Amino acid sequence: QVHLVESGGGLVQAGGSLGLSCAASGSIVSTNVMGWHRQAPGKRRELVARITSGGVTNYADSVKGRFTISRDSAKNTVYLQMNSLKPEDTAVYYCNLNVPHYAIDYWGQGSQVTVSS
């Protein structure tokens, strides 16, 4: 079992920056994908960014050039640096750890990110 704990959510004005962190603990498989998803009120949860244990990244088109995902595998921690934030980025952000092949997903508790206009 894996436990994910997020930190760093909050309120920020449009154009500002915010950083999220997620630390994983437990029985962590070394080959995995960590990432961030978000869910705005009334909308489906969507992928924001992800990074493999090999460092390969993917971003949603809506955040490319503004968000940066990184990880410290030694610390089992994934980060999301969010710059040039827009009101439409407002959502609950969930940390995710996926184990390929076994299709196992673990989720953080969710962090509210609110961007005011």
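All heavy atoms count here, side chains included; hydrogens, waters and symmetry mates do not. Just so you know, these numbers come straight off a predicted model, no measurement behind them.
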Joint hydrophobic cluster, [X] plus [Y], side-chain heavy atoms closer than 4.5 Å:
X	Y	result
Trp36	Leu47	no
Tyr102	Ile28	yes
Val113	Tyr94	no

Legend entry - Worked check of side-chain contact (heavy atoms from CB on, under 4.5 Å) between Val78 and Ile51: CA-CA 8 Å; Val78 64; Ile51 183 168; 4.1 Å; yes

Legend entry - Parallel, tilted or perpendicular: ring planes of Tyr93 versus Phe67, cut at 30 and 60 degrees: tilted

To the closest 0.5 Å, what do you measure between [atom1] ([X]) and [atom2] ([Y])?
X	Y	atom1	atom2	result
Arg38	Glu46	CZ	CD	4.5 Å
Ile104	Gln1	CD1	CD	9.0 Å
Ser70	Leu80	OG	CG	8.5 Å

Inset, instruction - For the pair Thr57 and Arg50, evaluate side-chain contact (heavy atoms from CB on, under 4.5 Å) and give the outcome as yes or no after the intermediate values. - result: CA-CA 6 Å; Thr57 60; Arg50 63 182 181 181; over 6 Å; no

Just wondering, do [Y] and [X] contact through their side chains at under 4.5 Å, heavy atoms?
X	Y	result
Thr90	Gln112	yes
Leu97	Val33	no
Tyr106	Met34	no
Met82	Thr68	no

Legend entry - Sequence-distant partners of Glu88, salt bridge (charged side-chain N to carboxylate O under 4.0 Å, His left out), two or more places apart: none

Which atoms form the tightest heavy-atom contact between [X] and [Y], and what is the distance?
X	Y	value
Arg66	Leu85	NH1-CA, 3.8 Å
Tyr79	Ser21	CD2-OG, 3.3 Å
Thr31	Val99	O-CG1, 4.5 Å

Inset, instruction - Look only at the side chain of Tyr59 and the backbone of Ile69, and say whether a donor-acceptor pair between them is shorter than 3.5 Å. - result: yes

Legend entry - Check: Asn76 main-chain N/O paired with Ser73 side-chain donor or acceptor under 3.5 Å: no

Inset, instruction - Check step by step if side-chain contact (heavy atoms from CB on, under 4.5 Å) holds for Gln109 and Val92. - result: CA-CA 10 Å; Gln109 78 277 15; Val92 177; over 6 Å; no

Inset, instruction - I would like to know whether Asp105 and Asn96 meet side-chain hydrogen bond (donor to acceptor under 3.5 Å, both in side chains); could you show each step before the answer? - result: CA-CA 7 Å; Asp105 283 285; Asn96 169 259; 3.0 Å; yes

Legend entry - CZ/Arg71: more than 12 non-hydrogen atoms of other groups inside 6.0 Å: yes

Inset, instruction - Could you tell me whether Asp61 and Lys64 have a side-chain N and a carboxylate O separated by less than 4.0 Å? - result: yes

List the atom pairs, with distances to 0.1 Å, where a side-chain N or O of residues 4-17 and a protein N or O form a donor-acceptor pair under 3.5 Å, not counting sequence neighbours.
unit_1: Glu6; atom_1: OE1; unit_2: Ser111; atom_2: N; d: 3.2
unit_1: Glu6; atom_1: OE1; unit_2: Ser111; atom_2: OG; d: 2.7
unit_1: Glu6; atom_1: OE2; unit_2: Cys95; atom_2: N; d: 2.7
unit_1: Glu6; atom_1: OE2; unit_2: Gly110; atom_2: N; d: 3.2
unit_1: Ser17; atom_1: OG; unit_2: Asn83; atom_2: OD1; d: 2.8

